[in-house]
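Numbers here are sequence positions counted from 1.
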Amino acid sequence: LEYNAKVIAQKFMLREAIKLGDEMVQHGYDETTDIFKLLDSSRATLDGIDSFTGGNNIVDGADLVDLVVYEALNPSNGQYYTLGIPELDEEYTFEGGDMVIVGARPSIGKTSFALLVARGLQRQGIPVLFFGRDMKAKQAMRRELAADQNTSAMRMRRGDLPTEVLENMSKTRGKFAGIGFDDRRPMTYRALRASLRAFRKKYNLKRGDRTAVMIDYLQMMTDEEAAKNEYAGVTATSLMLKNFFHDEDVLGIPLAQLN
């Protein structure tokens with residue numbers, strides 16, 4: 001009976017998917033179609049199709065107790081994150097879906113701290129997507145390498161560095177492998193989702209693999225539905241990001257300007 005019910009459910013979902021595909025093709029040929037509204041409505045329809053099996057997402061509390069106890073007995077099997085900074089790792093561990101906001105005043109070093117955390121995650125084999133436009137990726141990397149070699153970014157710009165220092169910089173490239181930078185997309189929810197899809201494809205990742213997403217920075221994120229005043233806009237953006245990190249099962253680390 002369970003098998004037959006599953007077959008019926010799959011047939012229904014396939015028919016709905018075909019129907020959605022036909023509607024998208026028809027709208028695609030209509031030059032007056034608003035592509036963004038079409039994508040949003042199509043995603044809503046897909047979510048509706050997916051929710052047809054939503055009852056399977058309900059987990060009994062007793063089963064959760066068993067899962068938590070099992071992971072405590074077998075910590076290596078848990079999908080936990082530590083930041084690679086000993087002082088913080090002594091006190092905090094995180095899981096996919098968590099959002100950790102790093103807030104500080106302008107020019108305090110939020111981006112440098114984020115790159116430090118990114119390298120700490122990378123040492124554990126956790127890929128990191130660095131998404132943002134506050135600072136170009138090349139500029140952020142230049143500052144990071146300059147600090148690492150105790151020199152100045154300005155000397156790098158002028159090409160005024162000893163060969164030994166340049167060789168040492170080249171040797172650090174492995175420390176940044178697995179950290180993907182995306183500074184070319186607009187900072188919108190839609191672009192963030194597209195960036196994560198591209199990141200997973202580039203690094204051959206699937207949903208459920210430990211992955212971290214950093215956003216530089218929160219106030220630069222925009223959303224068509226966000227309220228116009230800054231406080232309400234930041235609140236809406238924070239909620240949107242929290243839902244995004246939860247749905248994608250990634251560790252989210254947005255930076256935030258505190259004025």
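Scanning both residues, Glu95 and Leu251, for their nearest heavy atoms gives O-CD1, 4.3 Å. The minimum heavy-atom distance linking Arg210 with Tyr80 is given by the pair NH1-O, 2.6 Å. Here the closest heavy-atom approach between residue Phe131 and residue Ser195 is recorded as CD1-OG, 3.7 Å. Shown here for Ala114 and Met214, the closest heavy-atom pair between the two residues is O-CE, 3.2 Å. The minimum heavy-atom distance linking Val100 with Pro254 is given by the pair O-CD, 3.3 Å.
Linking Ile, Leu, Val, Met, Phe, Trp and Tyr residues whenever their side-chain heavy atoms come within less than 4.5 Å leaves Met24 and Leu14 in two separate clusters.
Tyr81 places a side-chain N or O within donor-acceptor distance of the main-chain N or O of Thr211, the cut-off being under 3.5 Å. Counting only distance, with no hydrogens or angles, the side chain of Thr33 and the backbone of Tyr29 share no donor-acceptor pair below 3.5 Å. Checked by atom type and distance alone, the side chain of Lys206 never pairs as donor or acceptor with a backbone atom of Arg200 at under 3.5 Å. Here the side chain of Lys201 pairs no donor or acceptor atom with the backbone of Leu196 at under 3.5 angstrom.
Exactly one of Leu255, Ile253, Val102 qualifies for a side chain to side chain contact (heavy atoms under 4.5 Å, CB included) with Phe113. That residue is Val102. Tested against Ile126 for a side chain to side chain contact (heavy atoms under 4.5 Å, CB included), the candidates Gln122, Arg123, Gln124 yield a single pass: Gln124.
Ring pair Tyr203/Phe199 is tilted by interplanar angle, where 30° to 60° counts as tilted. Relative ring orientation between Phe130 and Phe181 is described as tilted, the plane-to-plane angle lying within the 30° to 60° band.
Electrostatic pairing of Lys37 and Asp40 does not count as a salt bridge here, judged by no charged N lying under 4.0 Å from a carboxylate O.
More than 12 heavy atoms of other residues, nucleotides or ligands shown are found within 6.0 angstrom of CG on Asp22.
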